[in-house]
Amino acid sequence: MSVRKHLNQMAKKKFLLFSSVFFLSFASIVYTIDDYGLSWDEPYYIVHSEKISKWFGKLIEFDAPFSRENYHEYWNYDRFHNCHPPFYKLSGIFLKNLIGRFFFHNIVYRYRVSTAFWASVFLAFLSLYFFKVYNNMFLGIVGSCTFLSVPRFFAHTHFFATDIMIAALGFITLYLFYDCSGNAWKTLFSSAFTGALLATKFTGIMIFPIALSFVFVSKNKKRFLINYLIFTVLACIFFIILNPHAWFGILNEVSFYFKSVLDRERIIPIPTLYWGKVYNYRLPWHHPFVMFGITLPVLIVVFAIPGIAYDLANIKDKTLFFEIVPFILLFAVFLLPNTPKHDGIRLFSMAWPFIIILFVRGTSVCSECLAKFLLKFPASIREHIADFNKLPVTAMAILIMLNVLFSLASIHRYHPYELSYYNKFINGPPGAVQKGFTISYWCEALNKDSLTELSDFVKDKAIRLYSYPKKDILKWNRYFGLLDDAIDYVSTVEKADYLLILNRKLPPERYRYLSQIMVYPIVTLPDNTLVLWVGKNDTRPEND
């Protein structure tokens, strides 16, 4: 076979793999996108996106969109809740109008299509990585399916928020850049994705030290550094292009970009529940390790450990360097005392792809060990194995498939409450409640099914509800047409007849007390863990 023909066949395989994973992922995410309740970040993002849409309408109509008045009204709207650069909102606007309006009537789900799109693109690139490393299309598919089958990751592929976009844009950038070797197109595209990442959230700044670390495994370090300089300059240019805030004052925007994050402890020190104690901002150093260890499926954690050990032992290998060094650098940042940790695993999103990569590497290592062990068997036994050379790959595929099936079973068990998922290391959600961990951070449990349950409870009753701990979540559900008109809510606890209680950051003793005044469960997990319930207002919970 000629080299050209071989390359053409490889290109066809890559295209088939990429397109198959993309469309299957997109279909599965969009199909379930309305299963989750309105998270409390989404209202601010959607309302601001609608403001930006109006600005573009003025731009089309030549109605002085660049005036200071229009800039402050449409772009600087509520920057306290919208401190992130707006690329993910621009993406949401575009894909809502291009695709979302054909799938959904409700604006919330239309915007979520943007997240589904980027999640699917990311998974398609992840499948290409596995195909490139292991030279097997099936491993490419099941490797990417591993990410989608993780309960918490699957849930995050649905919300109109920054998390999956950060994971997607960060991984795609590194995938394109680490092996570009001066390729102009790869440098250009990796710069564009980096610019989009920087214009989505401050977390994107971590791309630069990670990309720079690749110099240690580069064959031509001088050429790499020149390429890195070009990459950095282009990324900054794309950041300005994709961040319209910078069009109206680049220095002010860059200052805000850094200050809103580096000064976060003073601006918005959101409390965090960890091992039964509520921390104001700074958590113990072991928090990232614990959260990764108890919120991922057990098999992923178990097999990631030999993957980490193997990559560290062979770190001079370019591929293995790519797998382990970004993970180490990201964790080093997570361990810093000033890094926000109030969202648990959510703020570690750039590391999510590498956890899956290390899991797959770990299964590969274990499969190789199994093959070497079987080599010691007598020839009379080994001859019954049809193709002994394919044994490591076969064993690897079986192990990954078992994990995918195990994880899918967890999704089936908890859906659509995957953000309440905890593994057997902590005895699942009941153990997490008992030991003092957040069960449902984002109000996503207040979905269409639980709102129906709530409607049944208030039916023919003249009662007023106060939602705790997020007092505005019922108001926003009403605003977006998701709440039954019969449900009456108030914004002050004193006026409420009943409390709608979300098990978010409730220490064990407060959880026990509030669950004792329960009169009507709204969401209970299969293991009887209360997530959302209604209780009589004979208590005065702190308002936050």
Side-chain angles (χ1 to χ4, degrees), residues 38 41-118 121 159-162 164-166 168-169 172-173 188-189 191-204 233-261 476 479-481:
L38 180 72
D41 279 350
E42 287 180 296
Y44 307 107
Y45 299 159
I46 293 172
V47 171
H48 192 207
S49 297
E50 290 297 284
K51 285 273 188 179
I52 294 172
S53 293
K54 291 180 180 178
W55 183 88
F56 279 109
K58 286 183 172 291
L59 181 66
I60 294 171
E61 296 169 3
F62 301 101
D63 189 13
F66 293 100
S67 69
R68 182 177 294 275
E69 179 183 346
N70 281 330
Y71 165 64
H72 283 291
E73 180 180 356
Y74 297 111
W75 284 102
N76 270 355
Y77 168 78
D78 194 15
R79 287 210 86 181
F80 174 78
H81 290 109
N82 289 279
C83 57
H84 308 310
F87 176 73
Y88 67 101
K89 296 168 192 169
L90 297 176
S91 171
I93 294 168
F94 178 74
L95 289 166
K96 176 201 74 169
N97 291 300
L98 181 68
I99 302 174
R101 64 193 180 97
F102 297 109
F103 286 103
F104 303 104
H105 294 294
N106 192 282
I107 193 172
V108 174
Y109 309 135
R110 289 181 176 184
Y111 271 104
R112 287 181 177 180
V113 169
S114 171
T115 307
F117 172 82
W118 285 106
V121 172
F159 303 116
F160 179 54
T162 60
I164 277 294
M165 284 195 69
I166 292 166
L169 294 169
I172 294 169
T173 291
L188 180 65
F189 281 112
S191 300
F193 282 114
T194 300
L197 177 59
L198 293 171
T200 296
K201 199 171 184 179
F202 179 86
T203 316
V233 171
L234 287 176
C236 292
I237 293 172
F238 278 113
F239 166 69
I240 294 171
I241 293 172
L242 298 172
N243 177 19
H245 280 299
W247 303 352
F248 303 98
I250 181 65
L251 294 179
N252 289 336
E253 175 59 19
V254 170
S255 174
F256 181 86
Y257 184 79
F258 283 93
K259 188 177 181 180
S260 62
V261 174
W476 282 118
Y479 179 86
F480 289 113

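- At a threshold of 4.5 Å between non-hydrogen side-chain atoms, the residues F239 and Y257 count as touching.
- Smallest separation of non-hydrogen atoms from P43 and L38: CG-CD2, 3.7 Å.
- Between K54 and E73, no side-chain nitrogen of the basic residue sits less than 4.0 Å from a carboxylate oxygen of the acidic one, so the salt-bridge criterion is not met.
- Residues K58 and Y74 are in side-chain contact: their nearest non-hydrogen atoms beyond the backbone lie under 4.5 Å apart.
- Here the two rings, on F66 and W75, have centers that are 6.0 Å apart or farther.
- For the pair P86 and H245, the minimum side-chain heavy-atom distance is below 4.5 Å.
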For residues 90-105, which side-chain donor-acceptor pairs fall under 3.5 Å, sequence neighbours excluded?
unit_1	atom_1	unit_2	atom_2	d
S91	OG	S114	OG	2.8
S91	OG	W118	NE1	2.8
K96	NZ	E50	OE2	3.0
N97	ND2	I93	O	2.8
R101	NE	N97	O	2.4

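- In terms of heavy atoms, A235 sits closest to T194 at CB-CG2, 3.7 Å.
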Test log, rule side chain to side chain contact (heavy atoms under 4.5 Å, CB included), inputs Y45 and H84: CA-CA 10 Å; Y45 299 159; H84 308 310; 3.7 Å; yes
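- Rounding to the nearest 0.5 Å gives a distance of 10.5 Å between CD1 of I164 and CZ of F159.
- Other residues, nucleotides and ligands contribute over 12 non-hydrogen atoms within 6.0 Å of the CZ atom of F56.
- Between I172 and F189 there is no side-chain heavy-atom pair separated by less than 4.5 Å.
- The two residues E42 and F160 come nearest to each other via the heavy atoms OE2-N, 2.9 Å.
- Within the 4.5 Å cutoff, no side-chain heavy atoms of F193 are placed close to those of L198.
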Derivation and outcome, ring pair (Phe, Tyr, Trp, His ring centres under 6.0 Å), residues Y71 and W247 = CA-CA 10 Å; Y71 165 64; W247 303 352; over 10 Å; no
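- Of all heavy-atom pairs between A192 and L242, the closest is O-CD1, 4.1 Å.
- Summarising the geometry of F256 relative to C83, their closest heavy-atom pair is CE2-O, 3.4 Å, with the distance given to 0.1 Å.
- S67 and N70 share a side-chain donor-acceptor pair at under 3.5 Å.
- Y88 is not listed as a side-chain neighbour of K201, based on a closest heavy-atom distance of 4.5 Å or more.
- S255 places no side-chain N or O within donor-acceptor distance of the main-chain N or O of L251, the cut-off being under 3.5 Å.
- Nearest heavy atom pair, residue F480 against residue I46, reads CE2-CG2, 3.7 Å.
- Atom OG1 of residue T203 and atom CD1 of residue I166 lie 4.5 Å apart, to the nearest 0.5 angstrom.
- You'll find the side chain of N243 reaches within 4.5 Å of the side chain of E253, heavy atoms only.
- Note that CG of L169 is 5.0 Å distant from CE of M165, once rounded to the nearest 0.5 Å.
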